[in-house]
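These numbers were taken from a predicted model, which means no experiment stands behind them. Letters go in sequence order (proteins before strands), and every chain restarts at 1.
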Amino acid sequence: MIRLKNGIIYDPKNNKSAVKEDIWIKNEKIVSKPSAEEIESAKNQGSYQEIDLKEKIVMPGGVDIHAHIAGPKINTGRVLRPEDHRHDNVPKKGGLRSGVGSTVPTSYVTGYRYSLMGYTTVMEAAGPPMKARHIHEEFGGLPFIDKGFLVLSGNNYFVLKFIKEKNKKALKDYLAWLINVTGAFGLKVVNPGGVEAWKEGKRLRGIEEKGTHFNLSPREILLALAEANDELGLPHPVHIHTNDLGSPGNYKTTISTLDLLKDYRKHITHIQFSSYGLNEESKIKFVSAADQIAEKVNNDDKLTVDIGQIVFGEVTTMTADGILEYNLHKLTGSKWVNTDVEMETGSGIVPMNYKKKNLINGIQWAIGLELFLKIDDPWKVFLTTDHPNAGPFTAYPWIIKLLMSRDYRLKMISEMHNKLGNYTDIAELEREYSLDEIAVITRSGPARALGLANKGHIGVGADADITVYSRLESKDKIAEVFAHPEIVIKSGKIIVEDGKLVEKLREGKTLVARPDYDKNISEIIGEDFKNYYSISIENYPVSDSYFNNLEVIPCS
Amino acid sequence: MSKLKLILKKDNPSLIQPEGKTAGKLPVEAENISPDITAEKTISEIAELTLLAGRKKYKLKDFFKIEGEPSQNIFIDGELDNFKYIGAGMTTGEIFINGSTGMHTGSEMSGGKIEVNGDTGDWLGAEMQGGYIKVNGNTGNYVGSAFRGDKLGMNRGVIYIKGSAGSFLGSRMRRGEIIVSGSCGDMAGAQMVAGSIYLFGKAGKRTGAAMKRGTIISAHQLEMLPTFNYNISYYPEFLKIAFAHLKNEFKIDIPQNMFSGYYHRYTGDNTEIGKGEILIWKEG
Amino acid sequence: MADKRSFTLITGRTIKQGMASVSGKNNQNYEDSTAYVELNENILEEYNLSEGKKILLYTDSGEVELSCKKGDLPEEIVFIPYGPQANKLIGTDTDGTGMPSSKGKKVMIKRKEGEDS
Amino acid sequence: MNEESKTYQNIICTFCGALCDDIEIKVKNNKIENIKNACAISRKKYEHAQKDRTVPQIKGKEVKYNKAVSAAAEILSSSRNPLIYGLSSTTAEAQKAAVELAEKCGANIDSTSSVCHGPGTLAKQLVGMVSATLGEVKNRSDMMIFWGANPVEAHPNHAKRYSILSQGMYRKNRKDREIIVFDVRKTPTAKLADHFFQVKPNSDFEILMALQMLVSGRTPTSEDGRIGGIELVKLKDLAEKMKKVKYGSVFYGMGLTMSRGKYMNTWAAMSLVRNLNDYGRFVMIPMRGHGNVAGSEITMAWQTGYPFAVNFSRNYPRYNPGEFSAVDLLARREVDAAFIIASDPAASLPHEAAEYLKKIPTIVLDPHWNLTTEIADVVIPSAVKGIGASGTVYRMDHVPLQLRKFLDDSWPDDASAVSRIGELIEND
């Protein structure tokens, strides 16, 4: 039993803003104040701990709705980039395993650095179903945090087949089966139709063009998946990486996608990459369309987004959007990995460097911030860098500082390309995020969008995932405060004390959804599976032996 | 001039002696043997400097008899072929090794001078930023190269090898000069971005593979890759200046005949931008 | 001097070597499937050798005596299945890459004294 | 005791990197009675699985299992620079335990990858790689190039299940595919090809570089109209064809990684395949030899950031093939103890490197006797992977599969043996 006293609580979900209150923790949960007898008995058993937080900032543990942290892509990124690790070494310490860091850190170091930053839940953004077992293997070595993964489904053979056949039942059953057998948490859709087209050596633009083997448009795929996702009652809405991502002028595709899905719940991820305007007159052809996108978000109550904020410096781009990585390779000349996964998806990896002085990179940076500042309701917009695509997750505290301090933004702008002002109005935006708003975009909002009722708040019954930051004495200190919380509690156990990790590995939970489905589906797909996959369906499901600590998040 | 003298003890903790007999030698990581460090310390502090043999930490005095005084000028005596990182990262001063050294000698150094009166291991002067390395014997692979995955190898500085060199000499080098009097292995100048490599002995196969820019000068005929073009035979005047500079400033022996005769000029690698040049000396 | 002629050594997999390697390394089969060298027919003839006769092979790293077999090979290539015999000819120099020269090494062959054809 | 026989379907064969998962095994009284769908090598492997088994042994004397494990722990904890080597024929779980053990005793850890497809990984670190899973190739590939690879003898079911003879979605059979082989000799695989290009030994690099130029429409230099033994005009034809295919594939083998040029050969192949994606699609897949050698790179990478040749003497992982790889460490005589896991270096490494193992304390963990157990100071037996032990394995295209045990074994599996040794070693 732990009593946290004298903390200043920011818990937006429970409408607590800077409230000084006790928090009581028992086992893994937050509880109401126990009775005097209970407290007495805990004291007698030596299991009572009281921590005086001395008016420090208390928030729920951070929740990252979209990052690449485990599985085949990030791991290939690790192999690809020995140069990324060489100067960022983490020695073993006590019970903590060693590793390396930088943009593609090892699994242990990923767990450490999230924890040290006060984050306790992270969603792996994209897993190829056939390699899901690999993700769960890594989850077993990803300490402290709770995690789950979104399974790629926008270019899946059976998905396309059932949509083509207009067989809604089979589609739903298949998706539910897929989530179950891969141990996934939700559905991820990446460039629907476009990845299959890439494998066929074709290119699709927008959401109307047809062209792949199944002769389906992205429109048809998106609609069917959004509908199935809602009908399955999955905790998290369909998680979409839009078509045409990264191309100038793509904001129109994004808007068509939002119009198309206006009646469904949806989460558009790293929307910064989908908010680009096209100006044929301009030499760089590239302008911000943050206004149009923000307006859309402001008027859609079934929509949430995360940003994918650009951070200057080295990144390792990686996505299931194979053709996007080909394009990035052609653009940068950097080393390029592509892996097509049979029947399911594609993927690619290209290292890049976002430069402060580069005008296009600067505009991308500004678009992300414009969106943060122009989307009115913080419950609709979440902090991500699409780690490690737009920047490493370790940059979050500096992004928080950009959001909370206009002065800091102006200082950054002064170090950037002098024509930046011609392409974005970021310098004029006066809005500064409050601590409450920061709490929303970094924990309460993402938790709600993920459908994690026990996370993102510190009300009674919530998971005891709590972060304690030093008091914010001045705006200059924002980044330092958010980078180095003093205390982090995960599932009721202190994992960070005095800003340092306790030297004992703990394993967090794997979060999964287990939607119901008609068991007959495995027979329906059986014949094609046998003919066109290279493994048998019997060897496909991820067995329970890969889950040490599982939590099933209920479907509605 | 004051000098710090380190004399390797015959019996030192790096020996692997499973049953009393020496079977091998542990690698010793000796980045602490660097003028930047020794100049600032007293002799007793120098004696306490950490050297890592395998995974065990030892002190410098466990390996060396220490003479002289703290100095930016270090003289080392002994067969140090299992000692890695001597002079790695040094910015100034001088190390003279009377004997051989192991891998990573002078890697990432940015100034000062290292002379090895013996052989060295692989990665000599890898990713060096400046300074001068002279090896009187032979050296290993990856001289002046980039480390695994890195885009750029040595970026300024001069490496002079009087003996022979291994493979991947100057691979991915960005700037600077490498001179090899003896033979060298395969892939000299592979993927080099710029800089100059002088090969006075015979070279292995695939010299200049995938080079972007830069110059390789060879005193002997090379087996040219099909991705290079022959352009012209001439005497490139800039060579006389370059040779004079190497001779006067670094006391490098330039074969006399290379000052005359003429050179076949090839450009490539045509799978890349094709702006590299290979100059092969021909008797006049 | 026919004996000074050099060949290119290729070591590699054969189905028999594969089958034998999973059937017990101390088995006679494993030895049989790894302790021979394949040569082009013309070379066998040139060296006055017939299948089953022993020859000496040597490189700058070692030497080994193996029995000959006729192989569908270019004249310049000799082939030995992966295994301890082939590895006596492969040196430990990896050019700093970790990989020894298991294919493409220069090898000499010598007819064994007293071996009649 | 006479049980009913039981048939297990879709069993995964762990011999090679193709990890065929359609083996059918009939078991009775804890013995294999019948095997279906296995290739010739796989069949021998199953037949031999329960024979020739190791027993715990110290210096040639049989001891209790725990005693052998403790002896191993003692050797490793007193070593100042141990080598942990092998790993490619064991499970990911054992590999994971081995990395933890290596970290604990400041060891060097390397897999057989360094003398196998490791050079391909080094090449990937320079240029990246365009790849796919095997089913993708089966379904789509209209041109398959085998370069220095001989699956007929090394991966006998590869042709049938994934490549030459497979039945895919868009490519139904052999006729829908053009098969090309590059090799220095006419291998049995070459005999199945439509076109065989005989490479002059050690010339793969020149040919691949020339092809890169030809694909971009330029002519490489050649004095005699040939490059690497192949007529330039034929290479030009091939380059044109490669640009026209929809989904080409290159399966590459040791012919690239082991010959002169080492990883730069693979680098050249990767660069060529990358460039071909400017025309149609083109991918490449390494023909991984050992059952879980791909897994050894994957497991090492997520724990250490690096695929093989890792050193822990500074308590954090460092990487450098040539420096921390097994052949080099042994040849330079820099290690003072060795722990060989599921591998047989005495048979597979250059003789001189393997000989050094005789001079230092050597531990072998393996279910079967081999040439290295002969020279080992400590032998630890283990259950046979995929038969008497479960675990995770990764196919050559990184597809993970879970082995299911179907026989009881007398010994614990590799993962528990390695973990046990780790537990016995004090954290120092």
Side-chain angles (χ1 to χ4, degrees), chain A residues 70 72 74-76 78-86 89-94 97-100 104-108 130-134 137-138 141 157 198-201 213 326 329-330 334-343 349-350 531-536 538-539 542-543 545-546, chain D residues 9-10 12 21-22 92 96 100 103-104 121 124-140 161-162 167-170 246-247 274 277-278 280-281 283 297-299 301-307 312 314-319 390 392 394-395 397-402 427:
Chain A
I74 188 83
N75 204 42
T76 302
R78 293 176 186 125
V79 172
L80 185 67
R81 303 204 66 188
E83 77 280 11
D84 179 77
H85 318 312
R86 191 160 63 87
N89 299 302
V90 180
K92 75 170 166 147
K93 200 174 173 204
R97 299 284 306 277
S98 69
V100 292
V104 277
T106 55
S107 64
Y108 297 103
M130 196 182 187
K131 295 183 176 178
R133 193 172 277 112
H134 177 178
E137 268 229 299
E138 284 194 26
Y157 170 85
W198 160 241
K199 292 194 208 171
E200 295 178 18
H213 173 70
Y326 169 78
H329 157 65
K330 294 309 281 185
S334 289
K335 49 191 175 185
W336 168 44
V337 167
N338 172 93
T339 307
D340 297 335
V341 180
E342 66 204 57
M343 308 291 283
I349 307 170
V350 174
N531 290 336
Y532 305 135
Y533 265 98
S534 61
I535 63 173
S536 80
E538 197 181 338
N539 286 316
V542 178
S543 72
S545 60
Y546 290 91
Chain D
Q9 311 271 356
N10 299 316
I12 299 153
D21 76 331
D22 62 344
K96 189 174 143 181
E100 188 170 0
E103 180 188 279
K104 209 171 238 183
T121 305
K124 190 164 157 182
Q125 289 167 348
L126 294 174
V127 63
M129 174 160 82
V130 184
S131 193
T133 64
L134 289 164
E136 203 70 270
V137 175
K138 166 178 95 163
N139 288 334
R140 293 182 202 269
R161 281 176 57 82
Y162 313 116
Q167 301 178 355
M169 190 183 300
Y170 307 112
K246 285 208 155 91
Y247 199 97
R274 173 198 65 192
N277 282 279
D278 293 344
R281 290 300 315 282
V283 299
E297 289 196 7
I298 288 167
T299 308
W302 67 257
Q303 296 198 57
T304 72
Y306 306 114
F312 278 107
R314 290 187 181 249
N315 288 329
Y316 55 78
R318 286 183 299 167
Y319 164 68
S390 309
T392 310
Y394 288 82
R395 206 165 64 178
D397 55 355
H398 294 193
V399 170
L401 291 162
Q402 188 179 25
N427 246 320

key: Nearest atoms (heavy-atom pairs only) where A:T106 meets D:A301   = CG2-O, 4.0 Å
For A:K131, side-chain hydrogen bond (donor to acceptor under 3.5 Å, both in side chains) partners two or more places apart = none
query = Between A:S545 and D:Q402, what is the shortest heavy-atom contact and its length?
reply = OG-NE2, 2.8 Å
task = Indicate the atoms forming the closest heavy-atom contact of A:V100 with D:G305, along with that distance.
result = CG2-CA, 3.9 Å
request  = Evaluate the ring-ring contact (aromatic ring centres under 6.0 Å, His included) criterion for residues A:H85 and D:Y319: first the C-alpha distance (whole Å), next the side-chain angles of each, then the deciding distance (0.1 Å), finally the verdict.
outcome  = CA-CA 10 Å; A:H85 318 312; D:Y319 164 68; 8.9 Å; no
note = Of A:H329, A:K330, A:E137, the largest count of non-hydrogen pairs under 4.5 angstrom with chain D goes to A:E137
query = Taking side chain as C-beta onward, heavy atoms only, is A:T76 less than 4.5 Å from D:K124?
reply = yes
task = Answer yes or no on whether A:R78 is positioned over the face of D:W302, meaning its NZ or CZ is under 6.0 Å from the six-membered ring centre and within 45° of the axis.
result = no
inquiry  = Heavy-atom cut-off 4.5 Å, strictly under: side chain, backbone, both or neither for D:K138 against chain A?
reply    = side chain
query = Under a 4.5 Å heavy-atom cut-off, does chain D meet the side chain of A:K199, its backbone, both or neither?
reply = both
ask   = Within the distance-only criterion (no hydrogens, no angle test), does the side chain of D:E103 pair as donor or acceptor with the backbone N or O of A:S98 below 3.5 angstrom?
value = yes
task = Pick one of side chain, backbone, both or neither for D:L126, based on which atoms fall under 4.5 Å of a heavy atom in chain A.
result = backbone
remark   = From the list D:D397, D:T121, D:V283, D:N277, the residue making the most non-hydrogen contacts under 4.5 Å with chain A is D:N277
ask   = Side chain, backbone, both or neither: which part of A:P72 has a heavy atom under 4.5 Å from chain D?
value = neither
By side-chain contact (heavy atoms from CB on, under 4.5 Å) - contacts of A:E83 (at least two apart) = A:R81, A:K335, B:D150
task = Report the distance from atom NZ of A:K92 to atom CD of D:E100, rounding to the nearest 0.5 Å.
result = 10.0 Å
remark   = When the 4.5 angstrom heavy-atom criterion is applied to A:V341 and chain D, the contacting part is both
message = Counting heavy-atom pairs closer than 4.5 Å to chain D, which one of A:T339, A:N75, A:I349 comes out on top?
response = A:N75
Chain D contact via A:N539 - side chain, backbone, both or neither, heavy atoms under 4.5 Å = both
note = What one should report as the nearest heavy-atom pair of D:G128 and A:L80 is CA-CD1, 3.8 Å
task = Heavy-atom distances under 4.5 Å only: say whether D:T392 touches chain A with side chain, backbone, both or neither.
result = both
query = Looking only at side chains, do A:S536 and D:Q9 share a donor and an acceptor under 3.5 Å apart?
reply = no
inquiry  = Set out, in order, the CA-CA distance, both residues' side-chain angles and the distance that settles side chain to side chain contact (heavy atoms under 4.5 Å, CB included) for D:Y170 and A:H213, then state yes or no.
reply    = CA-CA 10 Å; D:Y170 307 112; A:H213 173 70; 3.2 Å; yes
inquiry  = salt bridge (charged side-chain N to carboxylate O under 4.0 Å, His left out) for A:D340 and D:R281? Distances and angles first, verdict last.
reply    = CA-CA 10 Å; A:D340 297 335; D:R281 290 300 315 282; 3.0 Å; yes
task = Tell me, for D:R274 versus chain A, whether the close heavy atoms (under 4.5 Å) come from the side chain, the backbone, both or neither.
result = both
remark   = Whatever's closer than 4.5 Å to a heavy atom in chain A on D:Q167 counts as backbone
Which atoms of A:S334 approach chain D - backbone, side chain, both or neither, heavy atom under 4.5 Å = neither
request  = Just give me the residue among D:T299, D:I298, D:T133 that pairs up with chain A most often, heavy atom to heavy atom, under 4.5 Å.
outcome  = D:T133
request  = Ignoring hydrogens and angles, tell me if any N or O in the side chain of D:N139 forms a donor-acceptor pair with the backbone of A:Y532 under 3.5 Å.
outcome  = yes
remark   = Note: vs chain D, highest number of non-hydrogen pairs under 4.5 angstrom among A:Y108, A:Y157, A:W336 is A:W336
request  = Side chain from CB out, backbone as N, CA, C, O: work out which of these in D:M169 comes under 4.5 Å of a heavy atom of chain A, or both, or neither.
outcome  = both
request  = Check the side chains of D:D278 and A:Y326 for a donor-acceptor pair under 3.5 angstrom, ignoring hydrogens and angles.
outcome  = yes
ask   = With a 4.5 angstrom heavy-atom cut-off, which part of D:V130 approaches chain A: side chain, backbone, both or neither?
value = both
query = Is it the side chain or the backbone of D:R318 that comes within 4.5 Å of chain A heavy atoms, both, or neither?
reply = neither
task = Taking all non-hydrogen atoms of both residues into account, name the closest pair between A:R133 and D:P400 and its distance.
result = NH1-O, 2.9 Å
request  = Go through A:P82, A:G99, A:G201 and name the one with the most non-hydrogen pairs under 4.5 angstrom from chain D.
outcome  = A:P82
inquiry  = Using side chain to side chain contact (heavy atoms under 4.5 Å, CB included), reason through D:R395 and A:I535 one step at a time and then give a plain yes or no.
reply    = CA-CA 10 Å; D:R395 206 165 64 178; A:I535 63 173; 3.3 Å; yes
